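In the text below, chain A, chain B and the rest are named by the order of the sequence lines, each starting its count at 1. What you see is a predicted model; the values in this text were computed from it and never measured.
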Amino acid sequence: MSIFAHIFNLFIHSMAQVRVRFAPSPTGPLHIGGVRTALYNYLFAKKNNGTFILRIEDTDQARFVEGAEEYIMESLKWCGIIIDEGINEGGNYGPYRQIDRKEIYRKYADMLIDKGDAYYAFDTPEQLETLRSESEKAGNTFIYNAIVREKLSNSVSLQENLWKEKLEKGEPYVIRYKMPHNEDIHFEDIIRGHIVVNTRTLDDKILFKSDGMPTYHLANIVDDHLMEISHVIRGEEWLPSLPLHFMLYRSFGWDPPLFAHLPLLLKPDGKGKLSKRDGDKMGFPVFPLFWPYGETAKGYREEGYYPEAFVNMLALLGWNPGTEQEIFSMEELIEAFTIDRVGKSGSRFDPEKAKWFNHQYLQNRTNTQLALEFREFLRARGYHVDIVDLETLVGLVKERVSFVKDIWEQADFFFQAPETYDQEVIKKRWKENSAALLLELRFLLEKINDFSAAGTETVVKAWIGEKGYNTGAIMNVFRLVIVGASRGPHIFDIISWIGKQETLKRIDKGLSIIGK
RNA sequence: GGUCCAUUCGUCUAGUGGCUAGGACGUCAGGUUUUCAUCCUGUUAACAGGGGUUCGAUUCCCCUAUGGACUACCA
């Protein structure tokens, strides 16, 4: 443990209350990277007896997407992440939707203007766009900073009577932060450690838009302060704006919370961060739940992942307990989680490992649970099977599958006689005497009263031994007519489950088709 | 381009100023299974490169390379 992490630990234990927030924008389905951010916030909150808050950051009305808010909440619920304070849960620090806090932000923007740390700017987006493309042509980057603001249209460069007149005339304006020209800003990140940035590389960020809404930067700082957020745990994409955020806290005279910037989730192959396209291309979901609006997207829930497996997999992507334990319940994750064991570098998402986690969780289900789940699947297909029979069946095939829906692929022959027979197997196993042997077996089975797996197996093996037949020669063609291929569980388990009548029927059918 | 962040097996990762650099997924090979799958056992494979510091660096420092994020009146 680094010295900084140690000090940090001492610090959090001395703090009165841990309050963390997950603050997504309702602009579409929640990406699994977002889910992981929410999860780490939640684990950290619960580990420290703190509060987990959901705040909706919907200050950009143009990008608002209908249904996204519900999607976010349903996703968290599916994952087992319980919100303590939020738009539905309420709390003493509401409202929890930024659109409903609109009136709050203006006051704080004005405070900064009065203090001289912010100013009005009247440049139109078109003007700025022109300036940007011009400097780009000249090979420079346009930054709205201390040097250029003197030449542009704002309350710093303009005479006081001029800009006041513009204000009175109702000319559109934004409020920008007045970034100092040349100052080293020092700040700490729990995961990254000490960082220094010089303000000359920063720009005068817009805090308040001409539509009367704050930007992320203002709203975020004000809300985190007002909601008494103790730790900001968010994605690494926010690291570049951390200096600005520190400056804002300083300007307001507030104590900043502690920050932890999480590494990103990367695509399984190639370069860059995980996107929806990767999932489509490689056949795995990038979203927790199916997203039915607009461009539809697959979800882990609908693909048959257990939420416990999904959460377990996600938790270990970028964090580890330092032990060799890999399977964790939510309670165990909460118990084991510490921020100082979150890695610094981005993690490639591995769909194979995700499947492995689900396999582990599926094996730990009882046959009864699985039978119930599989029955739902069968119902959708028009099969109605007794639950006790399904428990037996599921017990026969569960270890070969990772998902409930895979049970069907492993067990279709339990429900229907083969339509076709694997040509490879016929070529390899079907001999001159196969038909005769099968016919003999057929009449042997017909006479058996105890059609349990053990019952039939005993009789058939005795018969084989008695006659001195070759076991493989019989069993392989037997499997062929029952299953249609060279796969599946123990053959006597299969015939016991389908019953004597069906077994005989399948032998007859096989004989008539292959045996001619 | 600029700023910031990162870099241990193919992937997720453990780890230390001196270790045969550990585990998991995957791969491959055996074994079990009369089939297929599972399972078991084993195998495979890594400290990005170059300089320092040091008796000794994968570990500490610097440079380079590579990757990533950001660079909007989006979050």
Next item on the list: Select base, sugar-phosphate, or nothing to describe what A/Arg63 touches, counting heavy atoms under 4.0 Å on all strands.
Entry: base
Next item on the list: Rounded to whole angstrom, note down the C1' distance from B/U27 over to B/C62.
Entry: 39 Å
Checklist line | Residues forming a side chain to side chain donor-acceptor pair (under 3.5 Å) with A/Arg149, sequence neighbours excluded | finding: A/Asp204
Item checked: Distance below 4.0 Å between A/Arg132 side-chain N/O and B/C73 OP1 or OP2 -> yes
Item checked: For A/Tyr144, ring-ring contact (aromatic ring centres under 6.0 Å, His included) partners two or more places apart -> none
Check: What nucleotide, of B/C70, B/C73, B/U38, holds the atom closest to the side chain of A/Leu128?
Finding: B/C73
Item checked: Position toward the 5' end of RNA chain B (nearest nucleotide), A/Lys344 or A/Asn476 -> A/Lys344
Checklist line | Identified pairing partner of B/A6, criterion: Watson-Crick or G-U wobble below 3.5 Å | finding: B/U66
Notebook entry, point to check: Relative to each other, are the rings of A/Tyr120 and A/Tyr173 parallel, tilted or perpendicular (30° and 60° limits)?
Noted result: perpendicular
Check: Once you round it to whole Å, what is the distance between P of B/A72 and CG of A/Asn145?
Finding: 12 Å
Next item on the list: Ignoring the backbone of A/His359, work out which of B/C74, B/A69, B/U38 is nearest its side chain.
Entry: B/U38
Note to self: Categorize A/Ile491 for me: base, sugar-phosphate, or nothing, with a 4.0 angstrom heavy-atom threshold over every strand shown.
What the structure shows: base
Which atoms of nucleotides 10-17 of chain B (N or O only) lie under 3.5 Å from a protein N or O atom, and what are those distances?
from	atom 1	to	atom 2	distance (Å)
B/C12	OP1	A/Arg348	N	2.8
B/C12	O2'	A/Leu316	O	3.2
B/U13	OP1	A/Gly318	N	2.8
B/U13	OP1	A/Ser347	OG	2.6
B/U13	O3'	A/Asn320	ND2	2.8
B/A14	OP1	A/Asn320	ND2	2.9
B/A14	O3'	A/Arg341	NH2	3.3
B/G15	OP1	A/Arg341	NH1	3.3
B/G15	OP1	A/Arg341	NH2	3.3

Notebook entry, point to check: How do A/His194 and A/Pro240 order along RNA chain B: which one's closest nucleotide is nearer the 5' end?
Noted result: A/His194
Note to self: Tell me if the centroids of the rings in A/Phe187 and A/Phe259 come within less than 6.0 Å of each other.
What the structure shows: no
Check: Under 3.5 Å, is there an N or O donor on one side and an acceptor on the other linking the side chain of A/Thr201 and the base of B/G2?
Finding: no
Item checked: Nearest-Å distance once atom C1' is located in both B/C70 and B/G50 -> 29 Å
Check: Closest to the A/Ile206 side chain: B/U7, B/A75, B/C73?
Finding: B/C73
Margin query: Taking side chain to side chain donor-acceptor pair (under 3.5 Å) as the definition, give me every residue that meets it alongside A/His490, ordered by chain and number, with sequence neighbours left out.
Written below: A/Glu457
Check: What distance, rounded to whole Å, do you find between the two P atoms, one in B/G17 and one in B/U59?
Finding: 11 Å
Check: Are the side chain of A/Ser496 and the backbone N or O of A/Asp493 linked by a donor-acceptor pair below 3.5 Å?
Finding: no
Notebook entry, point to check: Of the nucleotides B/C70, B/C73, B/U34, which one has an atom closest to the side chain of A/Arg176?
Noted result: B/C73
Item checked: Residues which pass ring-ring contact (aromatic ring centres under 6.0 Å, His included) with A/Tyr249, listed by chain and number, not counting sequence neighbours -> none
Next item on the list: Could you please name the partner base of B/G42, counting Watson-Crick and G-U wobble pairs only when both distances are under 3.5 Å?
Entry: B/C28
Note to self: Using the side-chain heavy atoms of A/Lys205, tell me which of these nucleotides is nearest: B/U71, B/U34, B/C73.
What the structure shows: B/U71
Notebook entry, point to check: To the side chain of A/Thr141, which of B/G1, B/U34, B/A37 is closest?
Noted result: B/G1
Note to self: Listing request: all side-chain hydrogen bond (donor to acceptor under 3.5 Å, both in side chains) pairs with a residue in residues 413-430 of chain A, at least two apart in sequence or in separate chains.
What the structure shows: A/Tyr383-A/Gln416
Check: What is the pairing partner of B/G17, taking Watson-Crick or G-U wobble pairs with both distances under 3.5 Å in any strand?
Finding: none
Notebook entry, point to check: Between B/C5, B/G22, B/A75, which nucleotide has the shortest distance from any of its atoms to the side chain of A/Lys209?
Noted result: B/A75
Margin query: Counting the benzene-type ring for Trp, do A/Tyr361 and A/Tyr305 have ring centres under 6.0 Å apart?
Written below: no
Note to self: Please classify the nucleic acid contact of A/Asp422 as base, sugar-phosphate, or nothing, using heavy-atom distances under 4.0 Å.
What the structure shows: nothing
Next item on the list: Could you pull out all residues at least two apart from A/Lys353 that satisfy side chain to side chain donor-acceptor pair (under 3.5 Å)?
Entry: A/Glu326
Check: Which part of the nucleic acid, if any, lies within contact of A/Pro263, taking any heavy atom under 4.0 Å across all strands shown: a base, the sugar-phosphate backbone alone, or nothing?
Finding: nothing
Check: What interatomic distance, in whole Å, is found between P of B/U32 and the corresponding atom of B/U44?
Finding: 23 Å
Next item on the list: Measure from the side-chain heavy atoms of A/Ser25 and tell me the nearest of B/A75, B/G26, B/U34.
Entry: B/A75
Notebook entry, point to check: So which nucleotide from B/U38, B/A75, B/G22 ends up closest to the side chain of A/Trp238?
Noted result: B/A75
Next item on the list: Sequence neighbours left out, what passes salt bridge (charged side-chain N to carboxylate O under 4.0 Å, His left out) with A/Arg36? Give chain and number order.
Entry: none
Next item on the list: Output the single nucleotide from B/A37, B/A75, B/C73 whose closest atom is nearest the side chain of A/Tyr216.
Entry: B/A75
Check: Along nucleotides 41-50 of chain B, 5' to 3', which nucleotides get a B, which get an S, and which get a -, given that the test is a protein heavy-atom distance under 4.0 Å?
Finding: ----------
Notebook entry, point to check: Which is true for A/Thr27 with a 4.0 Å heavy-atom rule: it touches a base, it touches only sugar-phosphate, or it touches nothing?
Noted result: nothing
Next item on the list: Using both distances under 3.5 Å as the test, list the Watson-Crick or G-U wobble partner of B/U59, or none.
Entry: none
